[in-house]
Every structure is written in C-alpha cells, then in structure tokens.
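Structure, as structure tokens:
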Protein chains: 2
Amino acid sequence: MDSRPVTEQRRTLGALLRLSYEALQREVYGGLAARGYPEIRPAHSAVFRHIGPDGSRLTTLAERAGMTKQSMAYLVDGLAAAGHLTSTPDPADGRARIVRLTAKGQGVLAALLALSAEAEARVAGRIGERRAGKLRRYLEQLAAALEAERAAR
Amino acid sequence: MDSRPVTEQRRTLGALLRLSYEALQREVYGGLAARGYPEIRPAHSAVFRHIGPDGSRLTTLAERAGMTKQSMAYLVDGLAAAGHLTSTPDPADGRARIVRLTAKGQGVLAALLALSAEAEARVAGRIGERRAGKLRRYLEQLAAALEAERAAR
DNA sequence: AATAAATTGTCAGTCAATATGACGAAAAGG
DNA sequence: CCTTTTCGTCATATTGACTGACAATTTATT
C-alpha cells in the first residue's frame with residue numbers, strides 16, 4: 001500500500017552508527033536486567049562511566065558527563081535510592097558531598113564492563129574478529145580526531 | 001582532587017559508537033539550523049526517514065520507526081504545525097489520514113541527506129577515505145547481521 | 001580582617017520524547 | 001448483519017534533559 005521511503009537505497013553513516021549503538025545498548029542493558037539489575041538504565045552509565053574509585057563530587061560528575069549538575073543529581077538520586085551509591089558530606093568542604101559506589105554499585109560497574117566486552121565479542125562473531133578489530137580502531141581514531149578538534153576550539 | 005574514573009583505559013565499543021553518532025548528529029542538526037530549519041530535531045528524522053514519496057499513514061510511519069502511533073503522532077503534529085507536513089483524510093479509508101511532505105518538508109529531507117553526506121565526507125577527512133569506506137562497510141555488515149537475527153526470531 | 005566573588009548543591013519549573021490504556025469511528029470478514 | 005480488527009486520538013505517566021534562582025560556604029581581593 002504505502003510506497004517505500006525515499007531514504008531506502010543507502011543509509012546514512014549516522015543511521016548505521018545509531019542502529020549499531022542501539023543494538024549494543026539493548027544487549028548490555030538487557031543483560032544487566034537479566035543479572036538482577038533491571039533498574040539500571042542507559043542514562044545511568046553517565047554516572048558509572050565517570051565516577052572515580054574513591055568517589056567524586058556531583059559537580060565533577062556533571063562536568064565529565066557534559067551535563068548540568070541538576071541532571072546529574074537526578075541520576076545520582078535514583079541510583080542512591082536503589083542502593084548503588086552513597087552521598088556523604090565532604091569533610092574538607094562544607095558545601096560539597098562525595099558520591100561513592102556501594103558494593104552493589106561496584107557490582108553493577110563490573111557487570112557493565114563485562115557485558116560490554118561480551119557485546120563486542122558478539123560483534124566479532126557477526127562480522128569477523130578482524131573486521132570488528134578494525135571497526136574499533138577506526139572508531140577510536142575518529143573519536144581522537146573529534147576530541148582534538150574540540151580541544152583546538 | 002577527584003581521582004580519574006575506572007573506565008578510562010579502554011572505551012567500550014558502545015561508547016565509541018555513541019560518541020561518533022552524537023558528533024555526526026550535532027553536525028547534521030547544527031547544519032540544518034544554519035540552513036534555516038532550527039525547529040527540526042533529531043527525533044523528527046524518524047518521520048523523514050520513513051515517509052514515502054506519495055505520503056504514508058501514521059500507523060505505517062510508527063511501524064517503520066518502531067514506535068507507538070501516539071509517539072509518531074506527537075512528532076507528526078510538530079512537523080505539521082511548522083509546515084513541513086500535511087495530514088489529509090484518506091479518501092479510500094474513512095479512519096485513516098495520509099501524511100505527506102510539503103515542499104518545505106521536501107527541502108528539509110534534501111538538506112538532511114546532503115548534510116549527512118557532508119558529515120560522512122568530513123569523517124573521511126578525519127581518518128582517511130579508505131578507512132571511512134571500510135568503517136561504513138563494516139557497519140553495514142553489522143546492521144545486516146543484526147537484521148537477519150531479528151528476522152530469524 | 002572585611003568584603004567581594006566564585007563554587008556547590010538544591011528547589012522549582014519546563015520541555016522533549018517516549019510509553020500505556022481506553023476509546024469512537026470506520027472497515028473487513030464472516 | 002454482526003463481530004472483529006484497524007486507525008487515529010484523548011488522557012496520562014515516565015524519563016532524562018534543560019534554565020533560573022538561591023542559600024551556604026569557600027576562595028580571592030583589597
């Protein structure tokens with residue numbers, strides 16, 4: 001009935017990146033749910049990716065994640081309520097609090113890294129070890145170039 | 001002060017895909033704004049990517065985009081209000097309406113495709129023509145494998 | 001030391017982009 | 001005809017982001 005869309009022939013690079021990204025994401029967060037962490041959502045990775053081993057300030061987390069402190073506070077609140085983080089006053093600065101992973105939170109971080117590695121291995125299974133390795137390398141180079149551009153500005 | 005995050009050493013493939021995707025997205029939608037379409041947001045691409053040359057039904061669009069018809073209606077309403085789409089009753093089906101691109105909307109679609117091509121060319125400029133070509137090819141193969149898996153299920 | 005400026009986190013409110021559930025109107029299948 | 005399905009809409013909720021304003025506190029400047 002409905003004619004096919006005009007954009008059928010050749011997908012944009014952006015569309016391909018999005019497709020792959022979303023597939024990996026589904027695998028990782030599905031796996032996390034299967035391992036007993038159904039409450040962890042993709043947005044939470046902004047916290048896990050940026051928190052330091054001895055804890056970090058909210059402001060630091062927000063800066064690293066490239067978002068406002070209010071948005072980061074929203075994510076931290078959720079994770080703290082679920083027992084993945086604690087937020088304690090900084091003894092050296094009366095304004096600040098230090099956000100730390102609990103043992104549970106460290107479990108999530110470990111699972112997150114393991115599942116990401118598994119997902120990457122499945123990519124290798126799909127297109128071949130060699131190509132998957134190159135895919136990663138090219139993306140790393142692209143990321144480095146993008147970061148260099150940003151730094152130069 | 002704040003120690004570096006644990007995840008510094010090696011980025012996950014997902015993180016690399018996200019980084020690249022978001023960079024391309026910024027380029028494309030920034031370019032769209034610069035060309036006089038600041039109201040077009042990334043979510044709208046779900047409409048432009050899936051609409052047929054002779055128009056499509058809301059339900060068809062939602063199906064193709066993999067979202068609910070309510071969500072698609074939200075996007076279509078916004079684009080229609082901005083003059084990029086029209087929604088006319090289907091003469092052959094009293095329940096349905098047919099969503100069509102206006103001339104303005106076709107301009108957006110053309111700009112979207114052109115800007116995506118430009119963004120891909122800039123990727124080639126960053127990591128080299130040859131690598132960019134391979135990057136695309138591997139992503140296409142990955143996408144094909146993912147779609148085959150989905151179809152097999 | 002006193003004051004001015006900057007930083008930290010929170011409160012309040014908004015918006016974008018998804019989702020569910022319920023439903024009337026219309027079409028399709030018997 | 002009647003029943004079932006499909007199409008789009010209404011109402012409502014959730015998630016994840018944003019801006020602006022602010023009190024408490026620390027840091028910098030006179």
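By convention in this document, chain letters (A, B, ...) are assigned in the order of the sequence lines, proteins followed by strands, and residues within each chain are numbered from 1.
Taking atom CE on A:Met72 and atom P on C:dT10, their separation rounds to 13 Å, with Å as the unit. Straight-line distance from the CG atom of B:Asp90 to the P atom of D:dC7: 11 Å, rounded to whole Å. As rounded to whole Å, 14 Å separates atom P of D:dG8 from atom CG of B:Leu85. Atom-to-atom, CD1 of A:Ile98 to P of C:dT8 comes out at 12 Å; the value is rounded to the nearest Å. Rounded to whole Å, atom C1' of C:dA16 lies 14 Å from atom CG of B:Asp77. With rounding to whole Å, A:Asp93 atom CG is found 17 Å from C:dA6 atom P. Atoms OH (B:Tyr29) and P (C:dA17) sit 10 Å apart, rounded to a whole Å. Computed from coordinates, the B:His44 NE2 to C:dC15 P distance equals 15 Å when rounded to whole Å.
Ionic pairing of A:Arg35 and A:Glu118 is present here: one or more N-O contacts between side-chain nitrogen and carboxylate oxygen are shorter than 4.0 angstrom. By the 4.0 Å N-to-carboxylate-O rule, A:Glu149 lies close enough to B:Arg126 to be salt-bridged with it.
Comparing D:dT15, C:dT8, C:dT10 by their nearest atom to the side chain of A:Ala73 picks out C:dT10. Residue B:Ala96 places its side chain closer to D:dC7 than to any other of D:dT15, C:dT18, D:dC7. Taking the side chain of A:Ala43 as heavy atoms from C-beta on, and the options C:dA17, D:dT5, D:dA17, the nearest nucleotide is D:dA17. Nearest nucleotide to the B:Arg95 side chain, out of C:dA19, D:dG8, C:dA25: C:dA25.
Of the side-chain N and O atoms in A:Arg57, one or more sit less than 4.0 angstrom from OP1 or OP2 of C:dT8. Put simply, B:Arg97 has no side-chain N or O that comes within less than 4.0 Å of OP1 or OP2 on D:dC7. Look at B:Ser71 and you won't find any side-chain N or O under 4.0 angstrom from OP1 or OP2 of C:dA17.
Closest-nucleotide positions on DNA chain D for A:Leu75 and B:Ser87 were compared, and the one nearer the 5' end corresponds to B:Ser87.
Each end of the helix from C:dA1-D:dT30 to C:dG30-D:dC1 yields a helix axis from five base pairs, and these two axes differ in direction by 20° (to the nearest 10 degrees).
With hydrogens and angles left out, the side-chain atoms of B:Gln25 and B:Tyr21 include a donor and acceptor closer than 3.5 Å. A donor and an acceptor atom, one from each side chain of B:Arg97 and B:Ser87, are located under 3.5 Å apart. For the residue pair B:His84/B:Gln106, the side-chain donor-acceptor check at 3.5 Å is not satisfied.
Between A:Leu24 and A:Val123, some side-chain heavy-atom pair lies under the 4.5 Å cut-off. Side chains of B:Leu61 and B:Met67 form no contact here, defined as non-hydrogen atoms less than 4.5 Å apart.
Put simply, the side chain of A:Gln70 and the base of D:dG16 share no donor and acceptor less than 3.5 Å apart.
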